[in-house]
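Written below as structure tokens is the structure these notes are about.
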Amino acid sequence: MNKEERLVKQITPKSEDFSRWYIELIRRAELADYAPLKGMMVIRPYGYAIWENIQRLLDRRIKATGHQNAYFPLFIPESFLQKETEHLKGFSPEVAWVTQGGQEELEERLAVRPTSEAIIGYMYAKWIKSWRDLPVLINQWANIVRWEKVTRPFLRTTEFLWQEGHTAHETREEAEEETRMILEMYREFVETELAVPVIAGRKTEREKFAGALETYSIEGLMADGRALQMGTSHHLGQHFSRVFNIRFEDRQQQLQYVWQTSWGVSTRLIGAVVMCHGDDSGLKFPPQIAPLQVIIVPISLGNWQETVLPLAKELRMKLQEQGFRVHLDAREEYTPGWKFSEWEMRGVPLRLEIGPRDVKQRQIVLVRRDTREKITVSLEESRARVSEILDDIQKNLFHLALRFQQENTYETNDYREFQEIIEQKRGFIKSYWCGRTSCEEKIKEETQATIRVIPLEQPEDIKNHRCLHCGQPAKWLVYFAKAY
RNA sequence: CGGGGCGUAGCGCAGUCUGGUUAGCGCACAGCGUUCGGGACGCUGGGGUCAUGGGUUCGAAUCCCAUCGCCCCGACCA
């Protein structure tokens, strides 16, 4: 990479060591810092602002589809968790336990929620009596604890923030419809607001949520060619309603167990945005979720405090009034050049430069983070142009990411070629699969690639194809990848 | 949880092998001055229980034991 392009020093280039680049960038850009506790991090204001934007934009969609927010307890009695054995088995290795309250040993251990199906199931049994009570459509924004062995900021931390939806329905079909509607909501949200293109589909038996009938997920492709699960939507069937006895009298006056769903996205999305859009100069945020959308850098020349600064302040005010997230960096101890690099590293989509020359000519200079293009515009048209350019950056980031995803999606049913691609290029590979877990596991052992999703739309000529691994008749066309 | 690597100022490191002045360097930080359209410069200054605990020794950042944390590669997950 030449000097012009690599303006930010002090960060390991992305191409050299992706995972070092990721960790250094997160700390240098002040998104997060390590807490003095194993596997835990502090989300700093600049990083938390992204989460707030995600919350705002997703919460709007959750409510628009008829869901309401509520809050359930952080602790779950052990006996609740034990009711659904499949569920417990899935989570037990990573549950944190509270055994003491004050000075007293507790009679029953309390789990710090790894997810809330159990406690919510208990409450739903109390609330649901009749088909008239259904559907129940509740969402909760909460923190979750999972005692993970290997952690990475945002991607996998011991405690993380998420949103978990929990719904109860009269029929299997209705629950299935909800599960898929949410999957589509997530896809649209992630692609529109985070500008990360995803592949949506169903999880295999092996990869699905502990205790679910079906799990659906959206998978993004990160810049190092690995897939990241960015959201899941589970059809829980009647597993939980049977153990928590969530019954209702249906329209025919028969007692029935409800059909349930649960679904979530987490602070992991922030990691996805970093890994999907960032470059050697640092972060690159889609305007929709960027902590700051516009950074104003006054050019400190001559008596700039009297000439440039007042105009810079006025521009800030006007942009703020227009609803943009904007900051004026008027610090005197840094040179403009330093600020350019710093804010580029921190991913601000658009920089607004204003200097003595611009003041005289009633103009400003706009510089895009994504293309580095410099655009000189008159003061009069500046506000309209800012809005227009931000929209364009949002679209451009999505298209760049989409092109990357497409260029790194391969199609092969030749196992040798498959192995070569996974080893040398990574990315998604579309292949045929017989549907047996044994084949899936062998492939994982031999290549480290896992089936990320089974696309909902399957080719009609599936019968003409054979399994990538065993050569027996294929059941599904699937996406493989090395995953995070 | 296995295998490997690393913990010395906020960050990056040297010093450890071969124990011995007051533990050093670059960046960052503070003060003053000159600068400022792509990471400016000069002068002055502050900052360290050498990860933690124990041991060996006249003497430990340095040797020994244990613990904790972080990173990388594998098995598990949002």
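Chain letters run A, B, ... following the sequence lines, proteins first, then strands; residues in each count from 1.
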For atom P, what is the distance between B/G15 and B/G53, given to the nearest Å? 25 Å

Considering residues at least two apart in sequence or located in another chain, which fulfil the salt bridge (charged side-chain N to carboxylate O under 4.0 Å, His left out) criterion with A/Arg180? A/Glu176

Just grab all the side chain to side chain donor-acceptor pair (under 3.5 Å) pairs involving residues 182-198 of chain A, residues at least two apart or on different chains. A/Arg61-A/Glu188, A/Arg61-A/Glu193, A/Gln163-A/Tyr186, A/Glu184-A/Arg187, A/Arg187-A/Glu191, A/Glu188-A/Thr192

For B/G74, give its Watson-Crick or G-U wobble partner with both distances under 3.5 Å, or none. B/C1

Between B/A14 and B/U62, how far apart are the two C1' atoms, rounded to whole Å? 14 Å

Provide the Watson-Crick or G-U wobble partner of B/G20, both distances under 3.5 Å; none if there is no partner. B/C58

Quick one: are the ring centres of A/His87 and A/Phe240 less than 6.0 Å apart? yes

Hey, what's the ring geometry for A/Phe160 with A/Trp162, parallel, tilted or perpendicular (30° and 60° as the breaks)? perpendicular

Produce a footprint string for nucleotides 68-78 of chain B: one letter per nucleotide, 5' end first; B if the base is under 4.0 Å from any protein heavy atom, S if only the sugar-phosphate is, - if neither. -SSSS-BBBBB

How about A/Trp433 and A/His469: are their ring centroids closer than 6.0 Å? no

Taking only the C1' atom of each, what is the distance from B/C64 to B/U44 in whole angstrom? 45 Å

Cation-pi geometry met for A/Lys83 and A/Phe80 (6.0 Å, 45°): yes

Does any residue of residues 355-365 of chain A have a heavy atom under 4.0 Å from RNA chain B, and if so, which ones, in number order? A/Gly355, A/Pro356, A/Arg357, A/Asp358, A/Val365

Indicate, with a heavy-atom threshold strictly under 4.0 Å, whether A/Val367 touches base, sugar-phosphate, or nothing. base

Paired to B/G10 by Watson-Crick or G-U wobble criteria (both distances under 3.5 Å) is B/C27

Does A/Thr335 make a side-chain donor-acceptor contact with the base of B/C36, cut-off 3.5 Å? no

Pairing partner (Watson-Crick or G-U wobble, both distances under 3.5 angstrom) of B/U67: B/A51

Sequence-distant partners of A/His67, ring-ring contact (aromatic ring centres under 6.0 Å, His included), two or more places apart: A/Trp263

It should be established whether A/Tyr334 places a side-chain nitrogen or oxygen under 4.0 Å from OP1 or OP2 of nucleotide B/C29. yes

For B/C41, give the paired nucleotide (Watson-Crick: N1-N3 plus N6-O4 or O6-N4; G-U: N1-O2 and O6-N3; both under 3.5 Å), or none. B/G33

Residue pairs fulfilling salt bridge (Lys or Arg N to Asp or Glu O under 4.0 Å) with at least one residue in residues 195-222 of chain A, sequence neighbours excluded: A/Arg202-A/Glu214, A/Lys203-A/Glu219, A/Glu205-A/Lys208, A/Arg206-A/Glu441, A/Glu207-A/Arg452, A/Glu219-A/Arg452

